[in-house]
Amino acid sequence: MPATVIVGAQWGDEGKGKITDILAERASAVIRYQGGSNAGHTVVVNGNEFKLHLIPSGILHPDTTCIMAAGTIIDPICLRDEIEGLRERGVSCDNLRVSVNAHVIMPYHILLDGLQEEARGRSSIGTTRRGIGPTYTDKTARMPRSIRMADLMDDDVLRALIADQLEHKNIIIERCYGHEPLDPDAVFAEIAPALPVVRPFVADVRSMVREALANDETVLLEGAQGTFLDLDYGTYPYVTSSHPVAGGACLGTAIGPTEIDAVIAVVKAYTTRVGAGSFPTELEDEVGNGLRERGSEYGTTTGRPRRCGWLDGVALRTAAELNGATAIAVTKLDVLDGLDTVRIAVAYDINGKRHERMPEDLDALADAQPVYEELPGWQQSICEARTLADLPEQARAYIDRMEELAGCAVWGVSVGPSRDQTVLL
Ligand code: IMP
């Protein structure tokens, strides 16, 4: 399966990092296709936990090339910190490459993200404040042209572009938000120390990807965030500013749709969401609190408590379709251990009408009442399960129901954070 997309089927935080890390063992390259340092991918190896924001989750495999493709956006300070943090822990980043065409998150984007959130007041999105929206806005606006990784290679080019950018940005920063203008020299000085660290990684990654595909090597296309945070298909405006859906992998990496062989949709056994926006199966009670505590549902990037709820089968069915999923990977099934019963929303009731898929106008989700199916829970811990036969009958029934709702096979089930705590089917 030369090109495989790994995509989040919910609102992010599905556990894509662990699944990518497992698959990366047999891949020649892992490529991030969208998003930036808003992501938080956790990988646990031999009891050591690694939290990655930018660098692809294949980095812990020394023979796997890790690529940040053109569709991603890069905060050079964050990238420097992540490279240095990994090196301090003995992880070589020699196989990391960043596209010359990836756009750069600058300090003024981070400032603007915060100012915009404040200005939204009660309708704030709850962004990660990592500068994501303002950077993608600049990329598409093209006036003045946004800064790309290629522009970081030359101090004079970079200084001139920062001055150009700030001529426009300072008008907005001062007049719209009443904030002091930024000084171009100070902005340059802020990112200058990161430049010598990140420059060696900037490369023409497209030819590397073409070569890997021509040699029939396996490449993984790693999504960040999740299907319902997609700019077009998510719960707009409570979304991110890129395209996490599998189609975004083609755009972000310049791999054609016909070259993708498999799409693994990663789905947590229950649902979580950080930030504002509709969440039909949200539980604001003891059951929800229990999921948060047992599942350590606190944001990797911002530390915010995640909103928790039952598995949303309507979202799962819809995500499988939107992504053309060929399989699902179920994560955190062990968090449901010990519950008397477990629930799955199999439809929504929206103003008296039954919906089995998410409506295209996602504003309607605000009125969606989940129609639940109740299944028996299981009372024992499943953390030690390594084969399907090790799982209690009730857990197998739960997985079967997820498979039916997704309309595709289960690739594997994660029963704990470590690599080996996985039931591969
Ligand atoms: P932004 O991507 O920082 O602009 O945030 C937009 C929305 O996406 C907010 O609700 C964030 O909480 C959410 N979000 C962004 N990145 C992630 C992620 O990696 N996991 C979960 N939610 C995310």
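Start at 1 and go down the list; that is how both ligands and their atoms are numbered.
Heavy atoms from other residues, nucleotides or ligands lying under 6.0 Å from CZ of R89 number more than 12. Counting non-hydrogen atoms of neighbouring residues, nucleotides and ligands closer than 6.0 angstrom, the CD atom of E284 reaches no more than 12 such neighbours. Enclosure of atom CZ in R419 by more than 12 non-hydrogen atoms of other residues, nucleotides or ligands within 6.0 angstrom is indicated. Residue-environment remark: CZ (F188) exceeds the threshold of 12 foreign heavy atoms within 6.0 Å. Atom CD of E356 sits in a crowded spot, with more than 12 heavy atoms from other residues, nucleotides or ligands closer than 6.0 Å.
Scanning the protein heavy atoms around atom 22 (N) of ligand 1, the nearest turns out to be V274 CG2, 3.4 Å. Of the protein's non-hydrogen atoms, D13 OD2, 3.0 Å is the one closest to atom 21 (C) of ligand 1. Remark: minimum distance from atom 3 (O) of ligand 1 to any protein heavy atom is reached at T128 OG1, 2.6 Å. In terms of protein heavy atoms, atom 5 (O) of ligand 1 is closest to T127 CA, 3.4 Å. With hydrogens left out, the protein atom closest to atom 2 (O) of ligand 1 is T240 OG1, 2.6 Å, a heavy atom.
A salt bridge links E49 with K51: the distance from a Lys NZ or Arg NE/NH1/NH2 to an Asp or Glu carboxylate oxygen falls below 4.0 Å.
The backbone N or O of G126 sits less than 3.5 Å from a side-chain atom of R304, completing a donor-acceptor pair.
Taking any N or O of S241, backbone or side chain, none lies under 3.5 Å from an N or O belonging to ligand 1. Of the N or O atoms in Q225, one or more lie within a sub-3.5 Å distance of an N or O in ligand 1. When only interatomic distances are considered, the shortest N/O to N/O separation between R130 and ligand 1 does not fall below 3.5 Å.
Of the candidates T227, V274, T235, T272, W11 forms a side chain to side chain contact (heavy atoms under 4.5 Å, CB included) with just one, namely T235. Here the rule is side-chain hydrogen bond (donor to acceptor under 3.5 Å, both in side chains) with T127, and of N38, T302, D113 only D113 fits it.
Against a heavy-atom cut-off of under 4.0 Å, A39 is close to the following atoms of ligand 1: 19 (O). Taking every non-hydrogen atom of L229 and a distance limit under 4.0 Å, the qualifying atoms of ligand 1 come out as 8 (O), 13 (C), 14 (N), 22 (N), 23 (C). For ligand 1, the atoms sitting less than 4.0 Å from at least one non-hydrogen atom of W11 are 21 (C), 22 (N), numbered in the order shown with element in parentheses.
Residue contact annotation: D113 has no non-hydrogen atom under 4.0 Å from ligand 1. Distances from ligand 1 to the non-hydrogen atoms of G126 include at least one value under 4.0 Å. Not a single heavy atom of A224 sits less than 4.0 Å from an atom of ligand 1. Close to ligand 1: R304, with a non-hydrogen atom less than 4.0 angstrom away.
Judged by the 6.0 Å and 45° rule, R343 forms a cation-pi pair with Y372.
Residue contacts with ligand 1 for Y238 are absent, since no atom lies close enough (heavy atoms, distance under 4.0 Å). At a 4.0 Å heavy-atom cut-off, ligand 1 touches V239 through the backbone alone.
Side-chain contact of Y108 with N170: a donor-acceptor pair under 3.5 Å is absent, judged by distance alone.
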